[in-house]
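Predicted model only: the values in this text are computed from it and were never measured. Scope of the values below: all heavy atoms of this structure, side chains included, with no hydrogens, waters or symmetry mates.
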Amino acid sequence: MFTQPSRLYRALAIAEAITWTILIAALIARAAGAPGIVVTIGGGIHGFVFLAYGATAILVALNNRWHAGTAVLAVASAVVPYATIPMEIWLHRTGRLAGDWRLDATDDPRDRTWFDRLMRWFLRRPWVLGALIAIAVVALYVILLLVGPPGGGSAPCSCG
């Protein structure tokens with residue numbers, strides 16, 4: 001399904017934009033009198049996809065050897081509602097999403113670094129890589145839930 005970095009990146013960029021819609025709709029619903037749980041659910045979905053998009057942007061940035069500034073811009077685009085879509089379009093038009101996963105070493109000296117060898121090892125085992133990324137996203141998500149919502153508010157109550 002995600003045989004190319006561009007396909008994975010596009011899927012997560014669109015998912016991130018969709019979850020912005022869910023979050024904004026939940027905020028509007030709460031303002032119109034819906035219970036606050038709608039924002040908790042919408043925010044939770046959005047937060048999880050936000051982290052998954054960020055992990056995907058970093059993975060594609062490493063695979064496609066983007067400059068650090070491009071990678072930071074890609075991750076930061078998730079902070080602005082719907083900005084991941086124009087970001088994906090720009091990356092595609094400028095050729096930054098072109099190419100396949102780098103599964104094999106080439107004559108490029110960068111392919112001989114320990115980091116690139118490790119990345120190729122994981123890319124050849126997509127289920128291992130996917131599971132590792134999922135575990136990292138879930139762990140970060142749980143940590144952020146324990147810290148509390150952005151902009152203040154209280155941490156989840158462990159009242160008993």
Side-chain angles (χ1 to χ4, degrees), residues 1-31 36 38-103 108 110-111 113-116 118-120 122-123 126 128-156:
M1 177 178 197
F2 300 119
T3 57
Q4 295 178 316
S6 62
R7 290 183 179 178
L8 178 62
Y9 186 89
R10 177 175 289 143
L12 268 293
I14 291 168
E16 171 62 8
I18 290 169
T19 65
W20 266 114
T21 302
I22 292 169
L23 178 58
I24 291 167
L27 289 167
I28 292 169
R30 183 181 65 186
V38 298
V39 174
T40 302
I41 293 168
I45 293 167
H46 173 70
F48 188 82
V49 174
F50 173 89
L51 294 174
Y53 167 81
T56 299
I58 292 167
L59 177 63
V60 173
L62 293 170
N63 183 78
N64 290 20
R65 294 188 170 128
W66 295 348
H67 292 287
T70 302
V72 168
L73 188 60
V75 172
S77 72
V79 176
V80 179
Y82 308 107
T84 57
I85 300 295
M87 184 70 194
E88 188 275 336
I89 292 169
W90 177 75
L91 290 167
H92 179 74
R93 286 185 181 165
T94 58
R96 288 174 171 88
L97 290 175
D100 294 321
W101 294 109
R102 291 189 298 111
L103 301 175
D108 189 318
R110 296 175 292 185
D111 281 343
T113 65
W114 70 269
F115 182 80
D116 270 31
L118 180 63
M119 187 177 74
R120 283 192 305 276
F122 276 112
L123 288 173
V128 175
L129 177 61
L132 184 65
I133 290 172
I135 290 168
V137 167
V138 168
L140 183 56
Y141 183 76
V142 168
I143 290 167
L144 291 173
L145 281 177
L146 294 173
V147 169
S154 61

Quiz item: Between Leu23 and Gly42, what is the shortest heavy-atom contact and its length?
Solution: CD1-C, 4.1 Å

Quiz item: Which heavy atom in Asn63 sits nearest to a heavy atom in Pro5, and how many Å separate them?
Solution: ND2-CG, 3.4 Å

Practice problem: Please step through side-chain contact (heavy atoms from CB on, under 4.5 Å) for the pair Trp66 and Leu73, ending with a clear verdict. | Solution: CA-CA 11 Å; Trp66 295 348; Leu73 188 60; over 6 Å; no

Quiz item: Could you go step by step and tell me if Phe115 and Leu62 meet the side-chain contact (heavy atoms from CB on, under 4.5 Å) rule?
Solution: CA-CA 10 Å; Phe115 182 80; Leu62 293 170; 3.5 Å; yes

Self-check item: Contact check, side chains of Ile22 and Ile41, non-hydrogen atoms, under 4.5 Å
Solution: no

Exercise. State the CG-CG distance between Leu129 and Leu59, to the nearest 0.5 angstrom.
Key: 5.5 Å

Quiz item: Under the salt bridge (charged side-chain N to carboxylate O under 4.0 Å, His left out) rule, what pairs show up with a residue in residues 64-74, not counting sequence neighbours?
Solution: Arg65-Asp108, Arg65-Asp111, Arg65-Asp116

Quiz item: Which pair of non-hydrogen atoms, one from Val38 and one from Ala26, has the smallest distance, and what is that distance?
Solution: O-CB, 3.3 Å

Quiz prompt | 4.5 Å side-chain heavy-atom contact, Trp20 and Thr84 | solution = no

Self-check item: From CA spacing to verdict: side-chain contact (heavy atoms from CB on, under 4.5 Å), Trp101, Leu8
Solution: CA-CA 11 Å; Trp101 294 109; Leu8 178 62; 3.9 Å; yes

Quiz prompt | Pairs where residues 44-58 contributes a residue and the test side-chain hydrogen bond (donor to acceptor under 3.5 Å, both in side chains) is met, not counting sequence neighbours | solution = Tyr9-Tyr53, Thr19-His46, Tyr53-Ser77

Exercise. Tell me, with the steps shown, if Thr70 and Trp90 meet side-chain contact (heavy atoms from CB on, under 4.5 Å).
Key: CA-CA 11 Å; Thr70 302; Trp90 177 75; 4.2 Å; yes

Exercise. Check whether any side-chain heavy atom of Arg120 lies under 4.5 Å from a side-chain heavy atom of Leu103, and answer yes or no.
Key: no

Exercise. Nearest 0.5 Å please: distance from the CG atom of Leu51 over to the CG atom of Leu12.
Key: 11.0 Å

Side chains of residues 134-144: which donor-acceptor partners sit under 3.5 Å, not counting sequence neighbours?
unit_1	atom_1	unit_2	atom_2	d
Tyr141	OH	Gly44	O	3.1

Exercise. Report yes if some heavy atom in the side chain of Asp100 is under 4.5 Å from a heavy atom in the side chain of Thr3; otherwise report no.
Key: no

Practice problem: Would you name the heavy atoms of Ala57 and Val75 that are closest together and state the gap between them? | Solution: CB-CG2, 3.9 Å

Quiz item: Which value, rounded to the nearest 0.5 Å, describes the distance between Met87 atom CE and Arg96 atom CZ?
Solution: 8.0 Å

Quiz item: Which pair of non-hydrogen atoms, one from Ile133 and one from Ala55, has the smallest distance, and what is that distance?
Solution: CG2-CB, 3.8 Å

Quiz item: What's the shortest heavy-atom distance between Glu88 and Ala13, and which atoms?
Solution: CB-CB, 4.1 Å

